[in-house]
Amino acid sequence: QVQLVESGGGLVQYGGSLTLSCAASGSSFNINTMGWYRQAPGKQRELVATVGKGGSTNYADSVKGRFTISRDNAKNTVFLQMNSLKTEDTAVYYCNAAGLLVLIPPRPFIYWGQGTQVTVSS
């Protein structure tokens, strides 16, 4: 089992910044990809950004140049630095981790955090 705990959400003014963190805990697991997704009211959950174990990143077009994803592999933690926030960034942000449980045979997993609210005021 892997647990993901997010922190760092809140209320920020248009143009402001926030940093989200997500720490994975548990036992006997190897995480390959970590990422952030978001879901605004009345909309489907969408990809924000992902980062591979080697540091390769992928961003939604809507956040490129404003958001930066990074991770600390030693601490199984992923970060999302959000700058130049817009009202349309308002959503619940979910952390995601995908990898393998160290079992015989290894078992792939995908886990989600509980979500953290980000609200950008105009």
Side-chain angles (χ1 to χ4, degrees):
Q1 281 280 28
V2 179
Q3 294 80 41
L4 301 177
V5 178
E6 300 136 338
S7 61
L11 175 65
V12 64
Q13 287 190 331
Y14 185 94
S17 299
L18 276 177
T19 300
L20 305 182
S21 301
C22 172
S25 63
S27 61
S28 303
F29 63 91
N30 291 308
I31 297 177
N32 293 322
T33 303
M34 300 189 81
W36 291 94
Y37 292 71
R38 67 187 181 187
Q39 188 167 18
K43 294 187 177 181
Q44 290 189 334
R45 190 173 298 188
E46 63 177 6
L47 168 74
V48 175
T50 61
V51 57
K53 196 167 189 176
S56 60
T57 58
N58 179 48
Y59 294 93
D61 288 342
S62 59
V63 306
K64 282 181 181 176
R66 300 188 297 122
F67 291 9
T68 302
I69 190 170
S70 61
R71 65 188 282 177
D72 182 336
N73 289 330
K75 296 182 179 179
N76 289 313
T77 301
V78 62
F79 305 95
L80 186 68
Q81 174 67 44
M82 304 184 292
N83 298 325
S84 302
L85 282 161
K86 305 176 181 180
T87 53
E88 51 263 45
D89 295 318
T90 295
V92 178
Y93 284 69
Y94 295 92
C95 175
N96 169 279
L100 290 173
L101 296 175
V102 181
L103 300 172
I104 301 175
R107 185 187 305 166
F109 68 81
I110 297 176
Y111 285 104
W112 293 89
Q114 79 283 0
T116 185
Q117 178 71 45
V118 172
T119 302
V120 184
S121 63
S122 58

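Start at 1 with the first residue, then count along the sequence.
- One finds the CG atom of N76 at 10.0 Å from the SG atom of C22 (value rounded to the nearest 0.5 Å).
- By the criterion of side-chain heavy atoms lying less than 4.5 angstrom apart, applied directly or through intervening Ile, Leu, Val, Met, Phe, Trp or Tyr residues, L11 is not grouped with L20; the two fall into different hydrophobic clusters.
- Contact annotation: the side chain of M34 never approaches that of I69 to less than 4.5 Å [non-hydrogen atoms, C-beta and beyond].
- Taking CG of L80 as the start and CH2 of W36 as the end, the distance is 6.5 Å to the nearest 0.5 Å.
- The OG1 atom of T77 sits 6.0 Å away from atom CG of D72, with the distance rounded to the nearest 0.5 Å.
- Under the rule for a side chain to side chain contact (heavy atoms under 4.5 Å, CB included), the partners of V2 that lie at least two apart in sequence or sit in another chain are L4, A24, F29, L101, F109, Y111.
- Interatomic distance, OG1 of T33 versus CZ of R71, reported as 7.0 Å (0.5 Å rounding).
- Both V12 and V63 are members of a single hydrophobic cluster when ILVMFWY side chains are connected at heavy-atom separations under 4.5 Å.
- When side chains are defined from C-beta on, M82 counts as touching V118, because their heavy atoms get closer than 4.5 Å.
- With sequence neighbours left out, F79 forms a ring pair (Phe, Tyr, Trp, His ring centres under 6.0 Å) with no residue at all.
- The shortest distance between side-chain heavy atoms of Q81 and F67 does not fall below 4.5 Å.
- By the criterion of side-chain heavy atoms lying less than 4.5 angstrom apart, applied directly or through intervening Ile, Leu, Val, Met, Phe, Trp or Tyr residues, L85 is not grouped with Y94; the two fall into different hydrophobic clusters.
- Under 4.0 Å is where a charged nitrogen must lie from a carboxylate oxygen, and between K64 and D61 at least one such pair does.
- Counted within 6.0 Å of CD on Q44, heavy atoms from surrounding residues, nucleotides or ligands total 12 or fewer; the atom is thus considered open.
- Two residues are said to be in side-chain contact when any heavy atoms from C-beta on lie closer than 4.5 Å; N73 and K53 meet this criterion.
- Here the closest non-hydrogen pair linking G115 and V92 is CA-CG1, 3.8 Å.
- Between S21 and K75, every side-chain heavy-atom pair lies at or beyond the 4.5 Å cut-off.
- Between V78 and I31 there is no side-chain heavy-atom pair separated by less than 4.5 Å.
- Remark: side-chain polar atoms of T90 are paired, donor with acceptor, to backbone N or O of V120 under 3.5 angstrom.
- A 6.0 Å sphere centred on CG of L103 holds more than 12 heavy atoms belonging to other residues, nucleotides or ligands.
- If you check the side chains of S121 and Q13, you find no donor sitting under 3.5 Å from an acceptor.
- In plain terms, the two heavy atoms of S84 and S17 that are nearest each other are N-OG, 4.4 Å.
- Heavy atoms only, all atoms of each residue included: R38 and D89 are closest at NH1-OD1, 2.9 Å.
- When side chains are defined from C-beta on, E6 does not count as touching Y93, because their heavy atoms never get closer than 4.5 Å.
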